[in-house]
Structures are given as C-alpha cells and as structure tokens.
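Step one of this worksheet: look at the structure below.
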Amino acid sequence: MGLRVSLPAVKRRSLTRAAVAISVAAGLALTGACGGGGESGGDSLTVGVLLPGGGASRFGQFDRPLIERKLKQLCPHCPAATVAATPEPAVQRQQLEAMITRGVDVLILAVVDAKGLRSTVEAAHRAGIPVVAYDRLAQGPISGYVTFDGATVGRLQGEGLLKAMGTKADGGRIVMMNGATTDPNADWYKQGALSVLKGKVKIGKSYDTVGWRPENAYVNMTGAIAALGAGNIDGVLAANDSLAGAVVSAFNATEVRPLPPITGQDADLAAVRRIVKGDQYMTVYKPFKPAADAAVEMAVALGRGEKVSSIATGTVDSVTTKGIPAVLLPSISVTVGNIKDTLVKDGMYTIDQICTSKLRSACDKAGLTP
C-alpha cells in the first residue's frame, strides 16, 4: 500500500575508519570492513546493529547472521555491520552513543528499554542517522519498523492454551507470566492473549517479568505455586520460551506431574525439545529471515536517502511518532504435531538437533524419527 510519509534525505558522511576508535566496557564489538567499494564506485554505507541479546539467544543465533548476510547481499562493497548486543538498558545506551559518535549512516535497533533510550534515539536523529526499529518499537523519531504482529502472537498463545486445557478452559485457573514492561511488545502480547482468555478462564496470578529474565520468572512462578497450590493451576501463559523454561523448572522443583499446559514464543531449541518431551505445550514460531531481510532493506534504502514506501506494508504509531512505515509479519503456532512441517521444513533445526538420545522415544512417538 502507498504511504504518505516524507522521510528526510540522509546526509552522506565520509568516514576515516582509523580515525575513530571506540570501546565500550560491556562488549561493543566493531567488525572490520569487508572489501571497500570506494574505488569501484560501490556503496560506503556503515550500518549499526544493536540487539538485546547475543550468543545463545535467538538474536545471536538467528537475527544477527541473517542481518549480516542480507547486508552483504544488498550492499556487497559496504563495510561489515557494526554489531553490539546486551540485555542491559544502560549498556545499550552506551553502545548506541558510541555508534552515533562513530558516525554510522543508519541504525537497526532492537531496543531494550524503549522509553529509557528515547533521548539517544533523538540524538541519532539530530546527527542525521535514521533508525529502523527491529522487533521492538523504540520511542523517538523512528524512520521504519519491522516486527511480528504482537496481537497475533498473543492470540496464538491464548488459543493454544485454551485448546490444551480442554474442559478446564471453561472456568479454569491460569497464571500469566508476561514480559518486561520496558518492552512495548510485552503489553502487545498480553493484550492479544487476553483477547481470547477473558471471560473463559480465571487469572490466578499475573506477573510482568522484570528484564524478561528467567530467574525472575522462576521466583514469580514459585510464588504463584505457593499461593495457589500446584494442583490448582490449570495452565500458564508464558510470554516466551525463556520464561516457559523457568516455569517448568519451578513446577519440577515441586515434583508436580503432569505439568499443566505452558505456552512460549521464539521456538528456542530447548523449548522445542520440551514440547517433544511434553513439558511445554506450544511455542510461537516467528520466521526470522523475512524480518531480518525487511530491516536491512529499510536500512539500506534510508542510508541511501531513499523512501521505504515500497518496502513497508503499512504504518504504526508510537507514543512519540505517528505514521511510522512498518512491516508487520505473521507468526505460526507450533505444537508437537507440526514441528516437522514448520521448523524442520524451514531449516531452522534438524531432526538430529531436536531428537537427542534422551528424546528418541518421544521423537518416535511424535513421528519425528523414522
């Protein structure tokens, strides 16, 4: 669809890479240039990528390599992306400030604390650096946004939980283990879930998990079990797979069997194995490649001073900015019955990765192994 959005042309900067050396104690890693295209007339865009997690997180395993691969494809003579990852708001602010100081041409930002980083996003705007919000909607003058429809994610979780609860879906008691209030997506997921849960189940306890940290979810779930009684919890709406893992651990500490149905999100490998084992009922699979591709396409276009109307599928509003060009992508509910037709088919995991020796019997039962 057409967008009535006027995006300011971005001022090109000529950077002398050796002239600026920035280090951030929490681990800002500046990657080296790959095949400069100055002599061949190619682009010289520098792209900064800030993620809320690295290493074993979905952002480290999937988003980062996909973003880097797409950038190399669209801009083969551009320097390699400058990537930084941290779950800490203060550290991400330092990382963002470092990238502004360095003078990157465009930023892809998966914000840790949308409100807390607003002033730094504004500083990027003043420096002529457009920001593409990735996965999470940052506050401030954002030039583009790519994410999965959070209402759909929450609705899929709520629908999955009700289905798994069976007859207990009518008046049963659940616990809601929501995400962090600093992440605007968390409330989006929550409202999507409540749109199908309200009027059907009783919410015994509901928690907003500080920092999306599993250790906080474990403490909260332990408290819910103590207050409600393990046998009086008919289901748990866990907002993502890390929280779901903490919920399972809390139940395991009480030696409760069978576990009530538990939801998740992100299709983490550990969660997929829990689904095969029967400890977690479902997860929400968000194909990361379309998101990474769209974010890089937006970033490269903005870095070149171009509009993104041909990339965006619509617009969204933040609390600070109206009409942000956006790409909202669909998600898929994954249970034990469709792991092969979704995650395995898409090449996210192989059967061998999922089916460890301890899970062979469960995998056979699920039809994952011959």
Side-chain angles (χ1 to χ4, degrees), residues 53 55-62 153-154 156-166 174-179 189 193 207 209 212-222 224-225 230 233-288 331-346 348-369:
S57 75
R58 62 151 268 206
F59 291 98
Q61 288 189 48
F62 302 107
V153 171
L156 289 174
Q157 291 174 328
E159 290 172 349
L161 186 62
L162 291 178
K163 182 178 180 180
M165 290 173 65
I174 71 166
V175 172
M176 292 191 71
M177 197 64 62
N178 309 301
Y189 304 145
Y207 301 94
T209 310
W212 285 95
R213 295 185 181 279
E215 58 268 31
N216 295 332
Y218 180 87
V219 171
N220 290 337
M221 194 66 223
T222 300
I225 293 171
I233 299 173
D234 301 311
V236 180
L237 194 294
N240 77 1
D241 289 333
S242 294
L243 304 188
V247 169
V248 170
S249 294
F251 275 113
N252 285 342
T254 66
E255 298 183 356
V256 170
R257 282 294 183 274
L259 298 181
I262 300 165
T263 69
Q265 177 188 178
D266 290 335
D268 291 346
L269 180 56
V272 178
R273 289 170 176 164
R274 286 195 297 270
I275 291 171
V276 171
K277 186 179 178 182
D279 286 350
Q280 182 173 326
Y281 176 69
M282 63 84 71
T283 187
V284 177
Y285 167 43
K286 303 184 297 187
F288 303 125
S331 304
I332 303 166
S333 177
V334 174
T335 62
V336 70
N338 66 343
I339 290 173
K340 182 180 287 187
D341 292 334
T342 53
L343 305 178
V344 176
K345 182 180 178 181
D346 286 1
M348 190 166 181
Y349 305 118
T350 66
I351 295 295
D352 285 341
Q353 285 177 303
I354 297 169
C355 296
T356 62
S357 57
K358 292 182 179 179
L359 290 178
R360 282 292 166 178
S361 175
C363 283
D364 291 344
K365 184 178 179 181
L368 290 172
T369 48

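Heavy-atom basis, side chains included; hydrogens, waters and symmetry copies ignored. Position 1 is the first residue of the sequence; numbering continues from there. The structure presented is a predicted model; accordingly, all values stated were derived computationally and were not measured.
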Lys/Arg N to Asp/Glu carboxylate O, D352 vs R360, below 4.0 Å: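 A salt bridge is present here (some side-chain N lies under 4.0 Å from a carboxylate O).
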Between [atom1] on residue [X] and [atom2] on residue [Y], distance to nearest 0.5 Å:
| X | Y | atom1 | atom2 | result |
| --- | --- | --- | --- | --- |
| N216 | L243 | CG | CG | 9.5 Å |
| K340 | L368 | NZ | CG | 6.0 Å |
| L343 | I354 | CG | CD1 | 6.0 Å |
| T263 | L156 | OG1 | CG | 10.5 Å |
| M177 | I262 | CE | CD1 | 9.5 Å |
| M221 | T209 | CE | OG1 | 11.0 Å |

For E159, all residues meeting side-chain hydrogen bond (donor to acceptor under 3.5 Å, both in side chains), sequence neighbours excluded: R155
Flag for Q265-Y189: side-chain donor and acceptor within less than 3.5 Å: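 Side chains of Y189 and Q265: pair found under 3.5 Å.
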Side chains of [X] and [Y]: closer than 4.5 Å at any heavy-atom pair?
| X | Y | value |
| --- | --- | --- |
| N338 | V334 | yes |
| T335 | K163 | no |
| T254 | T222 | no |
| C363 | I351 | no |

Which residues share a ring pair (Phe, Tyr, Trp, His ring centres under 6.0 Å) with F288, sequence neighbours left out: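 Applying ring pair (Phe, Tyr, Trp, His ring centres under 6.0 Å) to F288 gives F62.
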Nearest atoms (heavy-atom pairs only) where L269 meets Y349: N-OH, 3.0 Å
Heavy-atom pair with the smallest gap, counting every atom of T283 and D266: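 Closest pair (atom of T283, atom of D266, distance): OG1-N, 3.5 Å.
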Could you pull out every donor-acceptor pair under 3.5 Å between side chains of residues 272-281 and any protein atom, sequence neighbours left out?
residue, atom, partner, partner atom, Å
R273, NE, Q353, O, 3.1
R273, NH2, Q353, O, 2.6
R274, NE, Q280, OE1, 3.0
R274, NH2, D241, O, 2.9
R274, NH2, Q280, OE1, 3.0
Q280, NE2, D241, OD1, 3.0
Q280, NE2, M282, O, 3.0

N/O donor-acceptor pair under 3.5 Å between N240 side chain and S242 backbone: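 Such a contact is found between N240 side chain and S242 backbone.
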